[in-house]
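For reference, the structure discussed in these notes is given below.
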Amino acid sequence: MTQAATSVDFVRGIVADDNRTGKFGGRVITRFPPEPNGYLHIGHAKSVCLNFGLAAEFGGVCNLRFDDTNPSKEEVEFVRSIQEDVHWLGFDWGRNLFYASDYFEQLFGYAVQLIEKGKAYVCDLTPEEVREYRGNLTEPGRESPFRNRSIEENLDLFRRMRAGEFDEGARTLRAKIDMASPNLNLRDPVLYRILNETHHRTGDDWPIYPMYDFAHGQSDSIENVTHSVCTLEFEDHRPLYDWFLDELEIHHAQQIEFARLNITHTVLSKRRLSQLVDEGHVNGWDDPRLPTISGLRRRGYTPEAIRDFCDRIGVAKRDNTVGIALLEHTLRDDLNKRSPRVMGVLDPLKVVIENYPEGQSEEIVSVNNPEDMSMGERRIPFSRTVYIEKDDFREEPPPKFYRLSPGREIRLKDAYYITCTGVVKDEATGEVIELRCTYDPETAGGTSSDGRKVRGTSHWVSADHAVDAEVRIYDHLFLTEDPDNVPDGGDFIDNLNPESLVVLKSCKLEQGLDKAKPGERFQFLRQGYFCVDPDSTPEAPVFNRTVALRDTWSRMDQARRS
RNA sequence: UGGGGAUUAGUCCAGUGGUAGGACGCCUGACUCUGGAUCAGGAAACGAGGGUUCGAAUCCCCCAUCCCCAGCCA
C-alpha cells in the first residue's frame with residue numbers, strides 16, 4: 001500500500017536542499033538557545049522538537065546553548081530547570097552543553113577586531129540620547145558625536161571599560177554601520193554595555209557584557225552551527241548578524257525563521273507567565289494550569305503527547321493560534337493507550353443494595369485496559385453499600401438520559417444490574433442523599449443470562465473499601481480563546497477562568513489507589529485521565545485531573561439546557 | 001506614512017500551472033459492559049480586483065488586511 005505522501009515543512013526542505021547541494025558538506029548542526037531567565041513552556045517545546053528533530057533526522061547534532069548575556073535576569077535555577085525539561089521531553093544534547101558566557105573572551109576579541117577595522121567605537125551618549133539619535137521608523141537617525149574617535153582612543157576606552165574604570169551605563173561599544181538604514185537594527189547597534197552584575201557563571205570577572213545580537217551569531221559560528229533556526233522577530237536582525245560575520249570573516253550559519261506558537265485559552269509569553277506566577281493567580285511555575293513544561297508534567301501530560309502535538313502543528317511562517325483542543329486530543333490519544341483503568345467516584349452518592357447480604361463482600365474481576373489486554377486484570381471488592389456518581393442519577397430523567405432513576409435498571413460496571421427502588425432525601429433541603437436499590441444475582445459479572453439489556457453502565461466504588469482522596473479538577477486557565485481580547489482599559493487577567501481549579505475533597509476511589517506514587521497515571525472510568533500529584537501521601541492521596549474524557553452526554557445536556 | 005514578514009475550511013498544516021487534500025473541532029449514523037475508544041459518512045477554504053494562459057491557490061500587476069522592528073532585553 002502507498003502511504004499518503006508526507007510533506008516536510010519548509011525548514012526541513014531548506015536543510016535537505018543544503019545537504020543536496022553540499023552547502024555545509026552534508027553536515028547538520030543545530031542548537032536550542034534559551035536564555036536562562038524563566039521556565040520553558042510548550043512554545044519552547046516546538047523549537048526543541050524542531051531543532052533536535054532536525055539533527056536526528058539528518059544525522060547531525062543539536063547543541064543546548066544558554067544565551068546568558070544578561071546577568072541581571074538570569075539564574076542557575078533556570079539553567080537547571082531548562083535542562084530537566086529538555087531531557088524530560090526526550091532529547092539529549094550529549095556533551096554539547098554550551099553557554100554564550102563560555103565565549104566571552106573570544107567575543108571580546110571579536111569586538112577588538114571590529115575596533116581595529118574602524119568598524120566599532122566607544123560611545124558616551126546616555127541611553128536617552130542614544131534613543132534620540134536613533135531616529136524613528138520614518139526618519140533617519142543622526143550620527144553620534146563620538147562616532148569618529150580614533151582607533152587608538154576606542155581601543156583604550158574599550159579596554160578601560162573592561163577594566164571596570166567606568167560607571168554602569170556610562171559608555172557603550174557600538175558598531176559603526178549606518179544611522180540612516182531603514183532597518184533600525186543597523187543604526188549603530190550597541191555591542192557591549194557596562195553592567196555591574198554578578199554573572200551566574202563568570203561571577204565578577206566582567207564589568208561589561210555583550211548584547212545578545214553581538215553574541216548570538218558569533219556563538220553559532222564558534223559552534224559551527226549550520227542551521228540557526230529561530231522565530232520570526234529575528235528576521236530583520238539577520239542582516240546585522242551577517243554584517244558581523246562578514247566583517248569578522250568567520251563561518252556563517254544559515255538562519256531560518258519560523259512562526260512562534262500560540263495556543264487558545266492560554267498565554268505563552270514569559271512576561272505574562274511571570275505575572276501570573278508573581279501575582280499569585282497560579283501556584284508557582286509548575287502549576288498544572290500553566291503551559292510550562294513543568295506545569296504540563298505535573299498535570300499529567302506525557303512527553304509523547306507533547307511531541308506528537310509539535311509534529312501535528314507543523315512549522316511555517318504565518319502567525320498562528322492552535323486550538324487547545326488539539327493538544328488535548330494528542331494527550332487523550334496517548335493516555336488512552338497507556339493508562340490503566342480504575343474506578344473513582346468524584347461526587348459520591350450512597351447506594352444501599354437492600355437484597356445484598358449485610359456484611360458480605362466479593363471480588364469483581366475487571367480488565368485494566370480494554371485497549372491493551374496485556375495490561376492484565378485486577379480484583380475489586382463489591383459490597384452492600386457502594387457509591388456512584390451523583391450525575392449518574394436523576395429523579396426525573398430527561399430524554400436520552402440512560403442512567404439511573406427510580407424504577408430503572410442499570411449496570412454497575414463488571415458487577416451486577418441494579419434497580420432503583422427508593423430515594424432518601426434530606427428532610428430540610430430535599431437533596432437526594434441516598435438511593436435504595438436491589439440487585440439481580442443472575443447478572444454477576446455485568447451480563448444477564450436472559451439476554452436482557454440495560455442502556456446505562458455506571459462506575460462505582462464499594463463504600464467499605466473506598467479510598468478517600470482529594471481530586472483537583474483543572475480547566476482552561478482563560479475563559480476566552482484569546483486572553484488578550486479585552487475591552488479598553490482591561491488586561492488579560494480579567495479573562496482568567498475563576499473555575500480553572502476546583503478542589504474536590506471527598507472523592508471515593510478504588511481500593512489500592514492510596515498506594516499510587518506521584519506521577520502515576522490512570523483513567524478513572526468514564527471520567528478522564530488522572531495522575532498522582534507530588535503533594536500526595538498514602539494517608540492523604542491527591543490526584544490531578546489531566547484531561548476529561550470526551551463526554552457526549554454532558555454536551556447534549558448542556559445544549560438542551562441552553 | 002521607512003524596513004522586514006505573512007495572507008488556503010472555525011483552527012493548524014499541505015498543495016508552486018491541470019478537477020483544492022490531511023488533522024483537530026463540528027454534525028450524522030453504526031458499534032459498545034466506559035454516552036470513552038473504534039468504524040462509516042457529512043458540512044466547511046484559495047483576502048479583493050485586474051492580467052498572462054486552453055487552463056491559475058500556484059506566474060505578473062495592483063489593492064487590502066494582519067504581524068514584527070524605534071531596549072544599554074532576548
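Below, each value reflects all heavy atoms present in this structure, side chains not excepted, and no hydrogens, waters or symmetry copies. Letters A, B, ... mirror the listed sequences (proteins, then strands); counts begin at 1.
- Across the strands present, B:G2 finds its partner in B:C69; the criterion is a Watson-Crick or G-U wobble pair with both atom distances under 3.5 angstrom.
- To the nearest 0.5 Å, atom CZ of residue A:Arg411 and atom CH2 of residue A:Trp460 are 13.5 Å apart.
- In the set B:C73, B:G35, B:C12, B:G35 carries the atom at the smallest distance from any side-chain atom of A:Tyr402.
- The side chain of A:Arg131 places an N or O atom within less than 4.0 Å of a non-bridging phosphate oxygen (OP1 or OP2) of B:G71.
- Using a 4.0 Å heavy-atom criterion, one finds that A:Gln523 contacts the bases of the nucleic acid, with or without backbone contacts as well.
- Both A:Pro127 and A:Ser554 lie close to RNA chain B; mapped to their nearest nucleotides by heavy-atom distance, the more 5′-ward contact belongs to A:Ser554.
- Not one side-chain nitrogen or oxygen of A:Arg271 sits closer than 4.0 Å to the OP1 or OP2 atom of B:A74.
- A:Phe78 and A:Tyr39 have their aromatic ring centers within a separation under 6.0 angstrom.
- Listed nucleotides: B:G35, B:G2, B:C72. Nearest to the side chain of A:Arg193: B:C72.
- Side-chain proximity of A:Tyr212 to B:A74, B:C68, B:C72: nearest is B:A74.
- Nucleotide B:U38 holds its P atom 7 Å from the CG atom of A:Asp333, rounded to whole Å.
- Within the structure, every side-chain polar atom (N or O) of A:Thr330 is placed at least 4.0 Å from both OP1 and OP2 of B:C24.
- Nucleotide B:G49 forms a pair with B:C61, judged by Watson-Crick or G-U wobble geometry with both contacts under 3.5 Å.
- In this structure B:U34 sits in no base pair that meets the Watson-Crick or G-U test at under 3.5 Å.
- For B:U19 and B:U58, the P atoms lie 15 Å apart once the distance is rounded to whole Å.
- Between A:His329 and B:C24 there is a side-chain polar atom (N or O) within less than 4.0 angstrom of OP1 or OP2.
- Map A:Asn369 and A:Asn320 each onto its nearest nucleotide of RNA chain B; the residue landing nearer the 5' end is A:Asn320.
- Note: CD (A:Glu257) to C1' (B:C69) measures 13 Å, nearest angstrom.
- A:Asp9 has its CG atom 10 Å from the P atom of B:G15, to the nearest Å.
- The interatomic distance linking A:Asn37 (CG) with B:G71 (P) rounds to 19 Å, in whole Å.
- Nucleotides B:C66 and B:U38 place their P atoms 40 Å apart, quoted to the nearest Å.
- Ring centroid separation for the pair A:Phe530 and A:Phe522 does not come in under the 6.0 Å cut-off.
- A gap of 13 Å separates the P atoms of B:A57 and B:U16, to the nearest Å.
- Checking B:C24, B:C12, B:G4 against the side-chain heavy atoms of A:Arg312 singles out B:C24 as nearest.
- By the 6.0 Å and 45° rule, A:Arg201 stacks over the aromatic ring of A:Tyr99.
- Within 90° of 0 lies the glycosidic angle of B:G71, which makes this nucleotide syn.
- Residue contacts for A:Lys317: at a heavy-atom cut-off of 4.0 Å it reaches the sugar-phosphate backbone alone, with no base atom in range.
- Looking at heavy-atom distances under 4.0 Å, A:Gly446 makes contact with a base.
- Across all strands, A:Pro140 comes closer than 4.0 Å to no nucleic acid atom at all (heavy-atom distances).
- Nucleotide B:G10 forms a Watson-Crick or G-U wobble pair with B:C24, both donor-acceptor distances falling under 3.5 Å.
- When distances run from any side-chain atom of A:Leu232 to the nucleotides B:G36, B:G35, B:G5, the shortest one goes to B:G5.
- B:G15 and B:G71 have their P atoms separated by 38 Å, given to the nearest Å.
- In this structure, of B:G35, B:G4, B:C69, it is B:G4 that holds the atom nearest to the side chain of A:Glu235.
- Across all strands shown, A:Arg134 has heavy atoms under 4.0 Å from sugar-phosphate atoms exclusively, and none from any base.
- The gap from the C1' atom of B:C61 to that of B:A56 amounts to 15 Å, rounded to the nearest Å.
- When heavy atoms are screened at a 4.0 angstrom cut-off, A:Arg341 is found touching base atoms of the nucleic acid.
- Atom CG in A:Leu525 sits 5.5 Å away from atom NZ in A:Lys413 (nearest 0.5 Å).
- Two rings, from A:Phe158 and A:Phe108, have their centers less than 6.0 Å apart.
- Comparing the same atom, C1', in B:G35 and in B:G29 gives a spacing of 15 Å after rounding to whole Å.
- Look at CG on A:Asp188: it is 16 Å from P on B:A70, rounded to the nearest Å.
- Using a 4.0 Å heavy-atom cutoff across all strands shown, A:Glu35 reaches sugar-phosphate atoms only and no base atom.
- Atom NE2 in A:His265 sits roughly 13 Å away from atom P in B:U11 (whole-Å rounding).
- Counting any heavy atom pair closer than 4.0 Å across all strands shown, A:Leu125 reaches a base atom.
- Rounded to whole Å, the separation between the C1' atoms of B:G10 and B:A44 comes to 9 Å.
- Of all nucleotides listed (B:G35, B:C72, B:G3), B:G35 comes nearest to the side chain of A:Trp553.
- Between B:G3 and A:Arg238, no contact under 4.0 Å exists linking OP1 or OP2 to a side-chain N or O.
- The shortest distance between the side-chain N/O atoms of A:Ser458 and the OP1/OP2 oxygens of B:U34 is not below 4.0 Å.
- Between the C1' atoms of B:C63 and B:G51, the separation comes to 14 Å (whole Å).
- Within the 4.0 angstrom heavy-atom criterion, base atoms lie near A:Phe401.
- The line from OG1 of A:Thr330 to CD of A:Glu304 is 11.0 Å long, rounded to the nearest 0.5 Å.
- Of the side-chain N and O atoms in A:Arg526, one or more sit less than 4.0 angstrom from OP1 or OP2 of B:G35.
- The nearest whole Å value for the distance from the NZ atom in A:Lys400 to the P atom in B:U28 is 9 Å.
- Ranking B:U34, B:C12, B:U1 by closeness to the A:Thr138 side chain, first place goes to B:U1.
- The side-chain tip of A:Arg65 does not point at the ring of A:Phe98 from less than 6.0 angstrom away and within 45° of straight on.
- For A:Arg260, no side-chain nitrogen or oxygen approaches OP1 or OP2 of B:C67 to under 4.0 Å.
- Aromatic rings from A:Tyr212 and A:Phe234 are positioned such that their centres are separated by under 6.0 Å.
- When the side-chain nitrogen and oxygen atoms of A:Arg550 are compared with OP1 and OP2 of B:C26, one or more of them lie within a distance under 4.0 Å.
- Side-chain proximity of A:Leu184 to the nucleotides B:C72, B:G5, B:A70 is greatest for B:A70.
- Within the nucleic acid shown, A:Asn70 comes within 4.0 Å of sugar-phosphate atoms alone, with no base atom in reach, counting heavy atoms only.
- In this structure, of B:G36, B:C67, B:A74, it is B:A74 that holds the atom nearest to the side chain of A:Phe234.
- Here B:U34 presents its C1' atom at 19 Å from NZ of A:Lys337, a figure rounded to the nearest Å.
- Under the 6.0 Å cut-off for aromatic ring centres, A:Phe214 and A:Tyr192 qualify, their centroids lying closer than that.
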